[in-house]
Number of protein chains: 2
Amino acid sequence: MNRIETEHRDLFAIADLAKEFGITARAIRFYESKGLITPERVGATRVFRRRDRARLMLILRGKRLGFSLKDIAEYLSLYDAQSQHAQVNLLLAKVETRLARLERQQADLATTIAELREIRRLATDRLEPR
Amino acid sequence: MNRIETEHRDLFAIADLAKEFGITARAIRFYESKGLITPERVGATRVFRRRDRARLMLILRGKRLGFSLKDIAEYLSLYDAQSQHAQVNLLLAKVETRLARLERQQADLATTIAELREIRRLATDRLEPR
DNA sequence: TACCAAGTTGACGTATAGGTAAACTTGACG
DNA sequence: CGTCAAGTTTACCTATACGTCAACTTGGTA
């Protein structure tokens with residue numbers, strides 16, 4: 001299966017997604033048990049569509065950013081609420097909260113990256129004096 | 001105790017730092033048990049210097065960035081190794097690894113913040129049409 | 001038809017990061 | 001001297017995020 005085929009496909013098995021994202025099938029089932037994704041079933045077998053795949057990407061990105069699955073569930077609901085209707089004010093409040101945290105994180109990141117680059121510079125200088 | 005006093009002081013009790021950083025004394029003791037900080041003792045009582053306070057700041061920043069305490073321990077060792085001497089190449093490898101992760105995180109962050117701002121815009125529009 | 005690969009559920013185990021409670025010590029103060 | 005605040009250790013408890021295993025079903029293939 002090549003990239004083009006993957007992009008065109010509409011149905012995925014649990015192993016397809018596990019392989020594509022480098023996680024285990026067990027993890028995907030776990031996310032479903034927490035309500036983060038809701039694949040269809042054909043008999044007992046899970047069948048994933050592109051929507052589930054997209055959600056999975058959002059989940060993994062959230063994890064890379066250090067969010068708990070609970071946080072991520074709420075985050076995903078922001079996307080859902082949007083297309084539905086929801087209590088817009090509540091939605092906005094949550095978005096603001098999350099944005100505030102992320103912006104602080106962004107500042108932390110910049111500082112840390114700068115410090116690490118400085119450490120790298122000092123270490124490199126020691127390797128190549130002059 | 002005002003800011004100036006705090007800045008000038010050289011010795012801190014565990015409660016001082018806990019209060020200043022909004023964490024519990026238990027958490028600080030836990031970090032010590034993991035070797036992240038090594039306060040002096042006067043009898044059984046821990047006495048913290050500015051160095052410990054600075055490390056605590058690095059620890060908390062690391063946590064905000066989603067690192068495990070183990071990661072953070074290694075991260076702190078980068079600072080130590082620098083002033084000492086260490087195996088510079090190994091140090092550099094670790095710095096590169098960490099930088100790579102942080103830079104990916106930075107990209108994730110930018111994407112996520114943009115998406116949340118878009119969601120906020122859509123929600124705001126719904127509140128104030130026209 | 002016999003069997004393998006892939007899927008499923010459920011139970012149990014593990015690592016991380018502390019919180020909570022008990023029981024004790026110590027220094028300062030009225 | 002009594003006691004109160006603040007500190008200490010030890011032990012046990014909790015939540016999160018899966019991994020591992022057992023036991024079973026099912027669809028396709030030799």
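Chain letters run A, B, ... following the sequence lines, proteins first and then strands; every chain starts at 1. The analysis underlying the following values was restricted to heavy atoms, covering all of them including side chains, and did not include hydrogens, waters or symmetry mates.
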Legend entry - Minimum-distance pair of heavy atoms, taken over all atoms of L65(B) and T112(A): CD1-OG1, 3.5 Å
Legend entry - Phosphate-side-chain proximity, K34(B) and dG18(C), N/O vs OP1/OP2 below 4.0 Å: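 Indeed not, no polar side-chain atom of K34(B) lies that close.
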Inset, instruction - Compare side-chain N and O positions of T24(A) against OP1 and OP2 of dG19(D) and report whether any pair is under 4.0 Å apart. - result: yes
Kindly point out which of [options] is positioned nearest to the side chain of [X]?
X: I14(A); options: dG18(C), dT8(C), dC18(D); answer: dT8(C)
X: R46(A); options: dT20(D), dT8(C), dG7(D); answer: dT8(C)
X: L69(B); options: dG18(C), dG7(D), dA17(D); answer: dG18(C)
X: K70(B); options: dG19(D), dG19(C), dT16(C); answer: dT16(C)
X: R26(A); options: dT9(D), dT16(C), dT20(D); answer: dT20(D)
X: T45(B); options: dT16(D), dT20(D), dG7(D); answer: dG7(D)

Legend entry - Interatomic distance, I59(B) CD1 vs dG18(C) P [rounded to whole Å]: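 From I59(B) CD1 to dG18(C) P: 10 Å.
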Inset, instruction - Cation-pi check, R101(A) to F67(A): give yes when NZ or CZ is under 6.0 Å from the six-membered ring centre and within 45° of the ring axis, no otherwise. - result: yes
Legend entry - Check: S68(B)/D71(B) side-chain N/O donor and acceptor closer than 3.5 Å: yes
